[in-house]
Student: 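I have a structure I would like to understand better, so I am pasting it below and will then ask my questions one at a time.
In what follows, chains are A, B, ... by sequence order, proteins preceding strands, each numbered from 1.
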Protein chains: 2
Amino acid sequence: MANSTSTSDGLLAEPKTLVESAYRALRRDIIEGHLAPGEKLRVEHLKDNYGVGAGTLREALSLLISDALVVSQGQRGFRVAPVSLEDFEDITQTRVMLECEALRQSITMGDDAWEADLLAAFHRLTKAEEKRIGSDDREEWEERNRIFHEVLIAACPSRWLKHFLSILYQQAERYRRLSLYLQPIPRDIHAEHDALLQAAMSRDAEKATALLGEHILLTFRSVQSIPKDQLNEKLAA
Amino acid sequence: MANSTSTSDGLLAEPKTLVESAYRALRRDIIEGHLAPGEKLRVEHLKDNYGVGAGTLREALSLLISDALVVSQGQRGFRVAPVSLEDFEDITQTRVMLECEALRQSITMGDDAWEADLLAAFHRLTKAEEKRIGSDDREEWEERNRIFHEVLIAACPSRWLKHFLSILYQQAERYRRLSLYLQPIPRDIHAEHDALLQAAMSRDAEKATALLGEHILLTFRSVQSIPKDQLNEKLAA
DNA sequence: GTTTTTAAAAATCTCGAGAAAAAGTATTGA
DNA sequence: TCAATACTTTTTCTCGAGATTTTTAAAAAC
């Protein structure tokens with residue numbers, strides 16, 4: 001469903017417990033790069049920052065392992081999952097494969113309600129794009145972009161496919177942040193989304209998957225073309 | 001690599017901590033059906049069974065969410081992930097798609113060492129099959145079967161593809177246990193594996209993926225054809 | 001007899017403190 | 001000066017107890 005309140009809960013619903021709050025706060029800080037890739041996550045240190053007990057924080061970190069945003073190692077604590085260009089390439093290729101298949105199924109199975117949801121999601125994304133000119137309201141655009149992609153494949157009946165894609169999308173978000181700040185390749189993302197929408201609405205699966213694949217690949221190329229020194233600087237931040 | 005000591009650590013290495021031990025013990029009990037699908041996992045009750053503290057058990061349960069073997073719900077504790085025929089069908093179809101793609105890549109990329117590993121894995125599996133006649137040494141066969149499938153796609157360079165496949169394999173194992181006990185469809189699994197091996201060794205990707213797809217699908221059909229009352233009985237056990 | 005309210009019981013969630021292990025530092029010996 | 005050892009500090013891991021919340025059961029009201 002194109003539920004606008006849905007907030008990418010990889011795992012959990014609204015933060016009714018402290019574990020969930022800490023989980024969300026940590027996830028956000030990792031995706032936004034506030035906690036650097038590879039950084040050590042000392043429980044005793046972090047528990048104060050997030051205002052929870054040690055056990056609670058450990059549990060939140062354990063949940064983040066599901067999203068492959070945190071790694072743990074025996075008796076040596078937790079770390080932020082590392083990043084690399086090779087990893088992003090793998091994420092991109094796997095995502096192209098899965099998301100194109102999901103889109104194909106979604107276009108086949110989608111009914112009128114799906115079309116309506118898709119149109120609505122695109123409209124909301126467009127509005128966010130207009131507002132974003134100047135003001136750095138990145139969060140809202142990022143969220144609506146996620147929902148647009150989610151609705152595109154919403155009519156795909158495979159829960160597992162969608163589950164894996166939500167993980168990959170989240171992973172890609174870590175890298176995508178870079179490409180939007182240091183964008184060397186001029187790109188009309190709105191036009192890409194628009195073409196994608198038209199192809200999906202006219203049930204042209206071949207065209208839609210081709211566009212989607214290119215759309216996803218472009219983000220990788222964008223990051224790929226960032227000079228290495230500049231990239232490392234950003235990654236360490 | 002065809003490391004025979006590898007033990008399907010979805011997430012963790014050797015149990016150096018109590019969390020890891022509990023994680024493994026719980027995972028095993030869920031996959032083997034000792035903890036029934038949908039069953040409530042009361043921490044206060046379970047902590048005695050597994051000989052750990054409440055916090056430690058909670059952490060182990062959190063890790064099992066990664067494997068989609070446990071689900072949690074806000075302020076209402078943990079449960080064993082439910083099962084259904086629809087879910088198994090989804091698992092099967094997704095797995096066929098991913099594993100065939102991974103095999104195709106593996107056949108393309110695999111070198112001599114890969115061939116040797118594959119041959120060795122097949123040999124070990126065969127030996128386990130011979131030993132299994134009569135004696136209920138299911139564990140060893142199950143483990144070697146897993147390794148055979150793992151080695152088949154070991155030369156595939158995509159870590160994410162292999163990561164997702166290890167999750168799906170583990171999920172399928174829950175259902176596969178049923179088909180082997182209540183097998184209505186007569187099946188020569190050894191012959192299937194043998195044909196698969198030959199196709200892979202001769203680098204015939206088309207044939208190999210066709211065989212692999214059929215191989216995976218057959219297990220689903222086998223479970224599908226079990227009478228519903230008999231199935232539910234087993235699932236509740 | 002059914003529903004609502006109220007109270008007891010159980011379970012979850014949370015924290016702080018203590019034991020075990022790792023990492024870092026200083027000391028000793030060549 | 002360098003390497004190895006012993007010591008100190010830090011960090012991880014673990015447990016038990018207390019505070020909320022949910023669930024269950026009983027009593028009251030309609």
Student: Is A:K47 touching bases, backbone alone, or none of the nucleic acid, heavy atoms closer than 4.0 Å?
Tutor: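 Counting heavy atoms under 4.0 Å across all strands, no contact is made by A:K47.
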Student: Take B:V52 and B:R76, find for each the nucleotide of DNA chain D with the closest heavy atom, and name the residue whose nucleotide sits nearer the 5' end.
Tutor: B:V52
Student: Using a 4.0 Å heavy-atom cut-off, does B:G77 contact any base of the nucleic acid, only the sugar-phosphate backbone, or nothing at all?
Tutor: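 Contact class for B:G77: sugar-phosphate only.
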Student: Quick check with a 6.0 Å cut-off and a 45 degree axis cone: is A:R174 positioned over the face of A:F88's six-membered ring?
Tutor: no
Student: What is the distance, to the nearest angstrom, from the CZ atom on A:R79 to the C1' atom on D:dT11?
Tutor: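 For the pair A:R79 CZ and D:dT11 C1', the rounded distance is 13 Å.
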Student: Determine which pairs satisfy salt bridge (charged side-chain N to carboxylate O under 4.0 Å, His left out) with at least one residue from residues 34-60 of chain A, sequence neighbours left out, and list them in order.
Tutor: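 Residue pairs passing salt bridge (charged side-chain N to carboxylate O under 4.0 Å, His left out), neighbours aside: A:R58-B:E59, A:E59-B:R58.
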Student: Students often mix this up, so state it plainly: with edges at 30° and 60°, are the rings of B:Y169 and B:H149 parallel, tilted or perpendicular?
Tutor: tilted
Student: Could you tell me whether a side-chain N or O of B:Q93 sits under 3.5 Å from a main-chain N or O of B:L217, the two making a donor and an acceptor?
Tutor: no
Student: Could you give the OH-to-C1' distance, from B:Y23 to D:dC13, as a whole number of Å?
Tutor: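 Rounded to whole Å, this separation is 19 Å.
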Student: Please test A:R95 against A:Q171 for side chain to side chain contact (heavy atoms under 4.5 Å, CB included), starting from the C-alpha separation and ending with a verdict.
Tutor: CA-CA 10 Å; A:R95 201 182 144 208; A:Q171 287 287 322; over 6 Å; no
Student: Measure CZ/A:R42 against C1'/D:dT11 and give the value in whole Å, please.
Tutor: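 Checked: the CZ to C1' distance equals 8 Å.
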Student: Sequence neighbours excluded, which residues qualify as ring pair (Phe, Tyr, Trp, His ring centres under 6.0 Å) partners of A:W114?
Tutor: none
Student: Can you tell me if B:S106 uses its side chain to pair, donor with acceptor, with the backbone of B:A102 under 3.5 Å?
Tutor: no
Student: Could you pick out which residue, B:G51 or B:E44, lies toward the 5' side of DNA chain D when each is mapped onto its nearest nucleotide?
Tutor: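 On the 5' side of the pair lies B:G51.
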Student: Please give, in whole Å, the distance from D:dT12 C1' to A:E59 CD?
Tutor: 17 Å
Student: Counting heavy atoms from C-beta on, name the nucleotide in D:dC13, D:dT21, D:dT11 closest to the side chain of B:Q75.
Tutor: D:dT21
Student: From CG of A:L41 over to P of D:dC13, roughly how many Å is that when rounded to an integer?
Tutor: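 My rounded result for the distance is 12 Å.
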Student: D:dT11 C1' sits how many Å from A:F78 CZ, rounded?
Tutor: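 Going from A:F78 (CZ) to D:dT11 (C1'), I get 12 Å.
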Student: In whole angstrom, what separates B:K16's NZ from D:dT14's P?
Tutor: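 Going from B:K16 (NZ) to D:dT14 (P), I get 13 Å.
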Student: How would you give the extent of chain B contacts on DNA chain C, as first and last nucleotide 5' to 3' within a 4.0 Å heavy-atom cut-off?
Tutor: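 That gives a stretch of C:dA11 to C:dT14.
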